[in-house]
Amino acid sequence: MSSTARTVLPGANPVLALGSDEERRIESGYLRKSDGREKISALREEMQHTMEAGAGIYRVRASIAAAADKIADIQERYKAVSMEDHSRTFNTQLIAALELGFLLDVAETILQCALQREESRGAHQRTDFPARDDIKFLAHSLVSKGSNERPVVSYMPVTITRWPPGKRVYGEQSKDGGHDSH
Amino acid sequence: MADTIVIEVARYSPESDAEPRFQKYEVPLRGDWMVLDALNYIKDKLDGSLTYRWSCRMGICGSCGMVVNGYERLTCETLLAQFAPGPVRVEPLRHFPIARDLVIDMTDFLDKLTRVKPWIVRKDKTPPPREYIQTPEQLGAFKQYSNCINCMLCYSACPVYGIDPHFIGPAALALAERYNLDSRDQGADQRLDILSQHDGIWDCTVIGECSEVCPKEVDPSLAIQEFKLTATKEWFKSFLMPWGGK
């Protein structure tokens, strides 16, 4: 974010090249932006309420799908985020704007993973799929950005070492078989 | 009670202002709001360009120290309604250069903090086979000093630091004492050299504002007086026992 932007020649250090790309993105997308109309705090609050309502611990296809639509809409509006602070000194609004952008990416990631994981496991409780499904979903969810900027979910197998997955049960139920382990 | 209150916030941009100015904002007067909530309201709803430091909102991080109606406060634990009907004046901490709006440049404090070696100094060459044992009494000897959260309210309140910026200042001295009194520490003699220099402890004239404004009930003023005593004893000893009796 320094004002002494370096010019990086093609073929030079790729990390520096990434850095100057990011510097350009921040300059044109935020610091010099003056046509925004969407307030950071309003978008942030809508995102928070959407995630709380649609993707809390208990989720169901309809709630997740509705939240995903809403977050996609907020993502779109975020492109017109309004920047009142154009200062190069201790610009906390720039930080808030960048944070919101990353939070929206994370929100989309959570929603797509939750939508596709049709089972319940740990803190992901799908009331429409209450059972754990090790055949399909004993897997790490990996998320990447697809061609349309939307997240694409893929899976990587889990290597079980010491603690196999088990039912989380308490009290009387725990005496017959369930082991509390994940 | 009116349902709004006016906040006068000190604004300063090094890019466009020659000196700080005040800007007025009208915010809801809510009984459960702290001054920091009012600043967050201004930033979120009224003027996104206002800049200030804050983080934890619960008196632990030490980021949101400001001068509220003339007194140094952590804004996250200063009730807004006590200032009704207002206005409430919010300014950056005194005696530091202003970076922008309510944000000060804390470089001088950080330099001074490092100079007093606020960490446990040991003379052993190798790490011990187990942890150092400390009794509750030994902990009690320094515990209050360890509550310092580096919020710098004491530097802003200290008239001596205001006159002589070389003065090491209250928080750094309290933290030096925190380690000097720690039974595990062996660095007191290294700290003595720094502390007994002219700009160390001797500038303090026991005004006590530092202890007064501390939000964590640390007593830097006491630490400084303890140091003066230690330093004086060491000075006499250097005459009585020049061969180095410790």
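In what follows, chains are A, B, ... by sequence order, proteins preceding strands, each numbered from 1. Values reported hereafter were calculated over all heavy atoms of this structure, with side chains retained and with hydrogens, waters and symmetry mates removed.
- Within the 4.5 Å cutoff, no side-chain heavy atoms of A:Glu45 are placed close to those of B:Asp44.
- For the set A:His86, A:Glu84, A:Arg44, A:Met83, the entry with the most heavy-atom pairs within less than 4.5 Å of chain B is A:Glu84.
- The main-chain N or O of B:Arg100 is never found under 3.5 Å from a side-chain atom of A:Thr89 such that the two would form a donor-acceptor pair.
- Applying a 4.5 Å heavy-atom cutoff, the residues of residues 10-28 of chain B that approach chain A are B:Pro14, B:Glu15.
- The parts of B:Asp47 that come within reach of chain A are both its backbone and its side chain, each placing non-hydrogen atoms under 4.5 angstrom from that chain.
- B:Lys43 approaches A:Gln93 most closely through the heavy-atom pair NZ-N, 3.6 Å.
- Across all their heavy atoms, A:Thr92 and B:Tyr52 have their closest contact at CG2-O, 4.0 Å.
- The number of heavy-atom neighbours closer than 6.0 Å to OH of B:Tyr132, taken from other residues, nucleotides and ligands shown, is above 12.
- Along residues 50-77 of chain A, no residue comes nearer than 4.5 angstrom to chain B, judged on non-hydrogen atoms.
- Other residues, nucleotides and ligands contribute only 12 or fewer heavy atoms inside 6.0 Å of the CZ atom of B:Arg57.
- Applying the 6.0 Å contact sphere to CD of B:Gln82 captures more than 12 heavy atoms from other residues, nucleotides or ligands.
- Around the CD1 atom of B:Ile133, the shell of radius 6.0 Å holds more than 12 heavy atoms that belong to other residues, nucleotides or ligands.
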